[in-house]
Engineer: 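Once you've had a glance at the structure underneath, I'll fire off some questions.
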Amino acid sequence: MLESRPAPTTARAVRSWQDHRLPPPGRGRTWERFEALATLGGLNLTAARLLEPHFDALAILRELAPSSSAAASGQLWAVWASEAPSALLQATAVSSDDWSVTGDKAWCSGATIATHALVTADSIDGSRLFALDLSQDGVHPQPSQWSTSALAGADTRAVCFEEVAATPIGAPGQYVERPGFWYGAVGVAAVWYGGAAAIGERVLEAARRRDGGEIGRAYLGGIDSALFGARSALRCAARDIDAGLATEVSDAAVLARRTRAVVEAAAEEIIGLAGRALGPGPLANDEEHSGRVADLQLYLRQSHADRDLADLGSRLIELPDAQR
């Protein structure tokens with residue numbers, strides 16, 4: 001379990017972490033990267049919801065645009081790649097090197113906080129990834145429709161773009177057609193793990209203050225074993241990524257789907273066990289604990305649940321026996 005410590009405010013956590021340079025995935029230090037993301041999840045899930053895509057964006061830029069100067073101090077990058085039928089973004093070439101984007105983008109976390117963003121947009125060549133400076137006049141965050149306190153500080157809302165200058169990053173379709181897309185998906189699971197570990201730590205602290213008897217110890221044992229499984233899955237994923245066992249998109253996708261499923265199931269189990277172990281008091285009277293539980297429950301829905309499991313099953317059917 002993670003070391004217990006007071007949770008920093010979201011703004012303070014973002015400021016203190018945004019200029020860190022995590023090791024890029026697949027370069028021999030992937031577990032170190034996942035551990036850092038887990039630490040963030042344990043400290044403040046709302047801050048992690050802003051910082052995980054920031055670190056993912058820097059890894060994407062390093063991979064697809066190595067000459068980019070995007071890692072300047074003080075910048076906070078977002079990744080806005082959700083596709084919604086009601087929010088369409090269109091990219092138009094102005095010249096051979098210059099593009100602009102116009103339209104709407106849904107589910108933009110950090111809409112009024114991030115300084116730059118990587119966004120997906122439709123172009124004549126298909127879907128492409130673009131880098132944007134969000135200080136431009138044509139960037140218009142829309143009124144927030146967020147109706148819950150969970151992850152509210154991540155400022156997720158729709159953004160409207162009006163002829164905003166954009167720099168293409170990589171080739172058409174390359175953003176999703178690469179192993180690194182799936183390495184980033186495992187990074188999200190590392191954040192989930194950190195949040196779940198912090199909830200488990202709250203149960204351990206309570207057990208040390210007051211013996212809950214055999215049933216209480218059973219809850220604690222269940223939480224610990226779930227955390228062990230999730231952590232082992234993340235370690236295995238990091239090992240395989242660094243060993244070059246997931247350099248094909250198909251292999252990376254299976255690895256990510258498996259890892260995320262294990263961590264998601266563990267986190268959901270831990271939330272349930274913690275509620276049974278602690279009772280209603282902390283959920284009603286402990287703002288930090290109840291907020292973390294609500295944040296993690298919403299964060300986990302970044303997974304597509306059974307649809308992701310169905311995708312994993314489809315991919316397994318197509319894999320040769322030796323690769324399963």
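Hydrogens, waters and symmetry mates play no part in the numbers below; they use all other heavy atoms, side chains included.
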Engineer: Could you check if a side-chain atom of L40 sits within less than 4.5 angstrom of a side-chain atom of F55, using non-hydrogen atoms only?
Structural biologist: yes
Engineer: Check whether any side-chain heavy atom of W17 lies under 4.5 Å from a side-chain heavy atom of T39, and answer yes or no.
Structural biologist: yes
Engineer: Under 3.5 Å, side chain of D242 to main-chain N/O of G28, donor-acceptor pair present?
Structural biologist: yes
Engineer: Please examine the side chains of V79 and Y175, heavy atoms only from C-beta on, and report whether any two atoms are closer than 4.5 Å.
Structural biologist: yes
Engineer: Does D286 pair with R202 as a salt bridge, N-O distance under 4.0 Å?
Structural biologist: yes
Engineer: Is V293 reachable from L43 through a run of I, L, V, M, F, W or Y residues, each pair having side-chain heavy atoms under 4.5 Å apart?
Structural biologist: yes
Engineer: Find out whether L118 and L61 are in side-chain contact, i.e. whether some heavy atom of one side chain is under 4.5 Å from a heavy atom of the other.
Structural biologist: yes
Engineer: Write down the atom of V186, the atom of A237, and the distance for their closest heavy-atom approach.
Structural biologist: CG1-CB, 4.1 Å
Engineer: Do any N or O atoms from the side chain of Q90 and from the backbone of D122 form a donor-acceptor pair under 3.5 angstrom?
Structural biologist: yes
Engineer: Give me the atom names and distance for the closest heavy-atom approach of A246 to P179.
Structural biologist: O-CB, 3.6 Å
Engineer: Has T115 got a side-chain atom pairing as donor or acceptor with L76's backbone, closer than 3.5 angstrom?
Structural biologist: yes
Engineer: What's the spacing between C236 SG and L255 CG if we round to 0.5 Å?
Structural biologist: 7.0 Å
Engineer: Quick one: ring pair (Phe, Tyr, Trp, His ring centres under 6.0 Å) pairs with a partner in residues 137-163, sequence neighbours left out?
Structural biologist: none
Engineer: Could you pull out all donor-acceptor pairs under 3.5 Å where a side-chain atom in residues 273-280 meets a protein atom, sequence neighbours excluded?
Structural biologist:
none

Engineer: Taking the side chain as every heavy atom from C-beta outward, state whether V14 and T10 have any atom pair closer than 4.5 Å.
Structural biologist: yes
Engineer: State whether the side chain of R292 and the backbone N or O of I199 hold a donor-acceptor pair below 3.5 Å, judged by distance alone.
Structural biologist: no
Engineer: Give a yes or no answer on whether the side chain of W80 reaches the backbone of S109 with a donor-acceptor pair at less than 3.5 Å.
Structural biologist: yes
Engineer: Can you measure from CH2 (W192) to CG (L296) and round to the nearest 0.5 angstrom?
Structural biologist: 9.0 Å
Engineer: Would you find a donor on one side and an acceptor on the other, under 3.5 Å apart, between the side chain of H20 and the backbone of S16?
Structural biologist: yes
Engineer: Not counting sequence neighbours, list each pair that qualifies as a salt bridge (charged side-chain N to carboxylate O under 4.0 Å, His left out) and has a residue in residues 166-188.
Structural biologist: E63-R178
Engineer: Does some side-chain heavy atom of R27 sit less than 4.5 Å from a side-chain heavy atom of R62?
Structural biologist: yes
Engineer: May I ask you to say whether E83 pairs ionically with K105, meaning some side-chain N is under 4.0 Å from a carboxylate O?
Structural biologist: yes
Engineer: Which pair of non-hydrogen atoms, one from R258 and one from L316, has the smallest distance, and what is that distance?
Structural biologist: NH2-CD2, 3.5 Å
Engineer: Write down the atom of A252, the atom of Y183, and the distance for their closest heavy-atom approach.
Structural biologist: CB-CE2, 4.1 Å
Engineer: With sequence neighbours left out, write down each residue that passes salt bridge (charged side-chain N to carboxylate O under 4.0 Å, His left out) with R29, or none if nothing qualifies.
Structural biologist: E32
Engineer: Are more than 12 heavy atoms from other residues, nucleotides or ligands located less than 6.0 Å from atom CZ of R301?
Structural biologist: yes
Engineer: Which residues pass the ring pair (Phe, Tyr, Trp, His ring centres under 6.0 Å) test with Y219, not counting sequence neighbours?
Structural biologist: none
Engineer: At what distance, to the nearest 0.5 angstrom, does CG of D251 lie from CG of L245?
Structural biologist: 8.5 Å
Engineer: For atom CD of Q136, decide whether the heavy atoms of other residues, nucleotides or ligands shown that lie under 6.0 angstrom number more than 12.
Structural biologist: yes
Engineer: Could you name each residue pair satisfying salt bridge (charged side-chain N to carboxylate O under 4.0 Å, His left out) that touches residues 137-148, not counting sequence neighbours?
Structural biologist: none
Engineer: Checking L45 against V191 for the side chain to side chain contact (heavy atoms under 4.5 Å, CB included) test, could you report, in this order, the C-alpha distance in whole Å, the side-chain angles of both residues, the deciding distance, and whether it holds?
Structural biologist: CA-CA 8 Å; L45 282 164; V191 175; 3.9 Å; yes
Engineer: Hey, any chance L204 and L283 share a hydrophobic cluster, counting ILVMFWY side chains that come within less than 4.5 Å of each other, even indirectly?
Structural biologist: yes
Engineer: Hey, could you give me each pair passing salt bridge (charged side-chain N to carboxylate O under 4.0 Å, His left out) that has a residue in residues 307-317? Not counting sequence neighbours.
Structural biologist: R257-D308, R257-D311, D311-R315
Engineer: Scan residues 145-155 for pairs that pass salt bridge (charged side-chain N to carboxylate O under 4.0 Å, His left out), counting only residues two or more places apart or in two chains.
Structural biologist: D155-R157
Engineer: Output the distance between atom CD (E52) and atom CD (Q302), rounded to the nearest 0.5 Å.
Structural biologist: 6.5 Å
Engineer: Taking all non-hydrogen atoms of both residues, which atom of L88 and which atom of P85 are closest, and how far apart?
Structural biologist: CG-O, 3.8 Å
Engineer: Can you confirm whether Y193 sits close enough to L37 that some side-chain heavy atom of one is under 4.5 Å from a side-chain heavy atom of the other?
Structural biologist: no
Engineer: Mind checking side-chain hydrogen bond (donor to acceptor under 3.5 Å, both in side chains) for R217 and listing every partner two or more places apart, or none if nothing turns up?
Structural biologist: D211
Engineer: Determine the minimum heavy-atom distance between W182 and V176, stating which atoms define it.
Structural biologist: NE1-O, 4.4 Å
Engineer: Can you check side chain to side chain contact (heavy atoms under 4.5 Å, CB included) on W31 and L234, steps first, answer last?
Structural biologist: CA-CA 8 Å; W31 175 240; L234 287 165; 3.8 Å; yes
Engineer: Mind checking the OG1-CG spacing from T30 to L22? Nearest 0.5 Å is all I need.
Structural biologist: 11.0 Å
Engineer: Do any N or O atoms from the side chain of S225 and from the backbone of G222 form a donor-acceptor pair under 3.5 angstrom?
Structural biologist: yes
Engineer: Same cluster for V263 and I271 if Ile/Leu/Val/Met/Phe/Trp/Tyr side chains link at under 4.5 Å?
Structural biologist: yes
Engineer: Would you say L300 ends up clustered with L309 if hydrophobic residues are merged whenever their side chains have heavy atoms under 4.5 Å apart, either directly or through other cluster members?
Structural biologist: no
Engineer: Taking atom types as modelled and ignoring hydrogens, do the side chains of D125 and S123 form a donor-acceptor contact shorter than 3.5 angstrom?
Structural biologist: no
Engineer: Excluding sequence neighbours, so at least two apart, what forms side-chain contact (heavy atoms from CB on, under 4.5 Å) with A121?
Structural biologist: L89, A91, V101, F130
Engineer: Just so I know, are the side chains of I241 and F34 near enough to count as touching, which here means a heavy-atom distance under 4.5 Å?
Structural biologist: yes
Engineer: How would you list, by chain and number, every residue that makes a ring pair (Phe, Tyr, Trp, His ring centres under 6.0 Å) with H304, sequence neighbours excluded?
Structural biologist: none
Engineer: I'd like to check the salt bridge (charged side-chain N to carboxylate O under 4.0 Å, His left out) partners of E269; sequence neighbours left out, ordered by chain and number.
Structural biologist: none
Engineer: With a 4.5 Å cut-off on side-chain heavy-atom distances among I, L, V, M, F, W and Y, is there a chain of contacts connecting I113 to L151?
Structural biologist: yes
Engineer: Can you tell me how far apart CG (L129) and OG1 (T167) are? Round to the nearest 0.5 Å.
Structural biologist: 11.0 Å
Engineer: State which residue, out of V159, D133, T112, L132, fulfils the side chain to side chain contact (heavy atoms under 4.5 Å, CB included) condition with V139.
Structural biologist: V159
